[in-house]
Chemist: 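This structure is in structure tokens; I'll ask about it shortly.
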Amino acid sequence: MSNINLTIDGKKVEVLQGSMILDAAKQVGVDIPTLCYLNLHDTKMKNQSASCRVCVVEVEGRRNLAPACATPVTEGMVVKTSTMRVLEARKTNVELLITDHPNECLTCNKSGKCELQDVARKVGVNNISITSNSMSTYPIKVTKTIVRDMNKCIMCRRCEVMCNTVQSVGALSGINRGFDAYVGPAFDESLEDTVCTHCGQCIAVCPVGALSEKDDTGKVIRALADPEKTVVFQTAPATRVAIGEEFGLAPGTIATGKMVSAIKQLGADYVFDTDFSADLTIMEEGTELIGRVTKFLNGEKASLPIMTSCCPGWVNFFETQFKGMSDLPSSCRSPQQMFGAVAKNYFAEKLDIPREKMVVVSIMPCIAKKYEADREEFKVNGNPDVDIVLSTRELAQLIKIANIKFNELDESKFDAPIGFGTSAGVIFGVTGGVLEAALRTVYEELEAKPLEKLEFETVRGLDGVKLASLTIGGIAINTAIVHGLSNARQIVEEIQSGNPRDLHVVEIMACPGGCVGGGGQPLHHGNIDIIKARTAAIYNIDDTSADRQSHKNPFIDTLYKEYYEKPNSHKAHEQLHTTYSEREKY
Amino acid sequence: MEELSQEKFQELGQFIDSLPSKKGELIRVLHKAQEIFGYLPKEVQYFVGRKLGVSTAKVYGVVTFYSYFTMSPKGKNHISVCLGTACYVRGAEPVLDEFRKILNIQGTETTPDGKFSLCSLRCIGACGLAPVVTVGEKVYGRVTKEMVAGILAEYK
């Protein structure tokens with residue numbers, strides 16, 4: 001492809017043909033404000049609807065202003081990005097957006113992180129000189145995961161691109177037209193009755209307060225204040241490398257110890273780690289994997305490939321989109337649910353309290369975990385194994401409400417006995433991590449000798465679909481690792497059509513990058529480097545850890561000895577495994 | 001429900017199957033579906049989406065975008081009142097209001113007994129007869145407010 005030469009604000013620049021003015025401007029250090037535009041490089045997330053008109057610039061010889069995000073460069077183009085005409089137009093465009101946007105910044109949960117707010121400051125909107133006589137009025141739709149307030153929507157369509165293109169879910173679409181247009185599910189049904197996977201990626205890209213998670217912090221405050229309740233926390237792997245961002249720490253800061261201290265200071269009775277139940281997952285899923293592969297090698301009918309089942313967004317996607325293959329996913333419950341089951345059975349017995357007196361709170365990088373915890377199959381007589389799920393963002397909010405100075409906290413350790421996890425559990429937080437953790441254990445099981453190099457580099461990285469073939473114990477095992485649900489769709493449809501790659505194991509995570517890029521994490525505002533920094537931090541924890549294999553976790557050993565007997569035992573099946581059903585939804 | 005009969009779904013299914021490609025055919029299929037069912041209820045939109053491999057949300061998005069598509073069933077006798085320029089200046093609005101009053105319906109929905117449905121449209125090309133009303137295929141010209149009750153009586 002040939003290069004194009006153009007001039008931006010008097011600076012000469014040479015860029016690839018097909019580049020947009022915005023890309024070219026970035027190359028010469030010219031900052032053009034954007035609002036609807038979002039480009040999460042290395043993933044399929046690119047929104048270029050050019051609907052907000054904030055990035056307009058002057059192009060010599062062109063009558064009207066051009067949106068820089070969606071105008072391709074041409075040879076000899078002369079662009080001016082901050083003339084009076086441009087600055088006035090930007091300001092007017094933002095004013096127009098605000099005339100149909102509620103003035104609720106004081107109570108909006110996106111306040112301070114809102115891109116409309118930022119851009120309004122940036123272009124200098126100090127008052128609204130345009131009077132409008134109508135304002136959108138939509139009811140606020142609350143589900144147990146996602147809250148939609150279409151009054152705040154600025155029609156940037158990022159959520160639609162995420163839901164339809166990146167995730168290939170298709171729960172959201174533009175409805176109606178003109179002033180009455182809004183983004184919503186089919187027939188305005190509740191998202192729970194649609195194919196929505198509750199992955200929360202729509203929230204992760206929403207620039208304003210139109211999409212947010214259901215706020216469950218109040219439930220936690222009430223539980224902590226109740227002297228009758230024993231409140232038990234678990235924190236997911238990916239939360240520890242992201243929560244610092246909410247307190248101004250650099251992306252990729254490892255804040256495990258501070259997070260534990262903060263939760264203890266909130267008044268938790270016990271702070272445990274989901275890494276522990278991730279290790280437990282490896283024991284259960286590894287055993288299941290070896291069982292299925294052995295069956296296959298003996299010429300028996302085996303359900304292959306085995307697909308991971310840790311990710312509730314993926315499980316929802318699988319149940320609503322695919323038919324006739326519900327034997328394929330691992331029957332293992334996710335680490336969150338395994339933890340809940342262990343806490344409310346094994347640990348409650350140890351404490352000698354009834355399960356109803358225990359409240360299990362999960363801190364998750366995820367929105368779909370809220371949905372998962374509420375599934376009927378994970379309740380005993382109506383009492384859920386996991387009572388409340390908070391996103392990383394909500395935990396940060398709770399810490400702020402409690403007036404805890406996060407950055408000044410000392411580091412604390414997780415409590416025993418179900419707070420110790422190996423770093424094989426930690427890497428569950430990134431794409432490829434679950435498979436790598438499984439391989440570290442399965443290898444030693446099948447080869448009956450220690451694994452010398454614990455790192456499986458082929459399963460790492462941000463490629464949407466990664467393939468790796470390994471020979472373990474004389475068996476060739478073909479694996480695929482996918483993240484982002486459209487990549488999952490591609491692989492699952494392949495398997496449906498006869499599994500041409502002969503896959504034996506497939507790891508699937510719904511969110512781009514895995515849980516580090518989860519829908520409940522601090523907002524990345526389109527900066528993929530933040531997700532990369534979190535990923536690096538996860539591997540950093542692993543590199544510096546002394547315990548890196550799940551089956552070497554001494555507390556897992558104790559748990560089996562004292563309670564579950566052995567992986568895939570009858571009791572383990574009862575409490576740690578599940579089944580899947582096909583669900584017809586809009 | 002008789003109007004959502006298996007036969008109709010079969011007919012629509014066959015039409016979709018007969019298309020050389022399922023890509024980019026959503027609007028054409030919705031036209032056909034509305035021709036068969038008379039309107040596009042949820043069940044039909046869901047069926048179309050599944051058949052074409054398009055999300056139900058997207059189907060609904062298209063149905064709500066184009067005013068031609070309707071999600072409510074038309075009555076046995078469908079009344080259209082022309083509000084085009086000629087009809088409007090010659091008093092079509094009071095005529096429309098009178099239909100609404102007698103039929104006791106607000107906008108453009110169908111009466112509870114399913115006998116009548118009402119809509120307004122813009123010009124049917126019979127401006128010489130303004131204001132014009134059509135009931136089914138039958139055209140009424142120079143309609144006044146006073147004539148409305150009489151027209152409706154023909155279909156009782």
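The sequence lines fix the lettering, A, B, ..., with proteins before strands; numbering per chain opens at 1. Keep in mind that what you see is a predicted model, and the values were worked out from it rather than measured.
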Chemist: Take a 6.0 Å sphere around OH of A/Y182 and say whether it holds more than 12 heavy atoms from other residues, nucleotides or ligands.
Modeler: yes
Chemist: More than 12 non-hydrogen atoms from neighbouring residues, nucleotides or ligands closer than 6.0 Å to OH on B/Y66, yes or no?
Modeler: no
Chemist: Non-hydrogen contacts under 4.5 angstrom with chain B: give the residues of residues 150-164 of chain A involved, or none if there are none.
Modeler: none
Chemist: If you compare all heavy atoms of B/G61 against all heavy atoms of A/S173, which two are closest, and at what distance to 0.1 Å?
Modeler: CA-OG, 3.9 Å
Chemist: Is A/V183 in contact with chain B via its backbone, its side chain, both, or neither, using a 4.5 Å heavy-atom distance?
Modeler: neither
Chemist: Looking at every heavy atom in both A/G184 and B/A57, which two are closest together, and how far apart are they?
Modeler: O-CB, 4.5 Å
Chemist: Does CG in B/D17 sit with more than 12 non-hydrogen atoms of other residues, nucleotides or ligands closer than 6.0 Å?
Modeler: yes
Chemist: Can you tell me how far CZ of A/F187 sits from CE of B/M71, rounded to the nearest 0.5 angstrom?
Modeler: 5.0 Å
Chemist: Are there more than 12 heavy atoms of other residues, nucleotides or ligands under 6.0 Å from atom NZ of A/K141?
Modeler: yes
Chemist: Under 4.5 Å, counting heavy-atom pairs only, tell me which of B/K42, B/Q45, B/K58 racks up the most with chain A.
Modeler: B/K42
Chemist: Flag the pair B/Y60 / A/I175 as yes when at least one side-chain heavy-atom distance between them is below 4.5 Å, and no otherwise.
Modeler: yes
Chemist: Which atom pair, heavy atoms only, marks the closest approach of B/R50 to A/K585?
Modeler: NH2-O, 3.3 Å
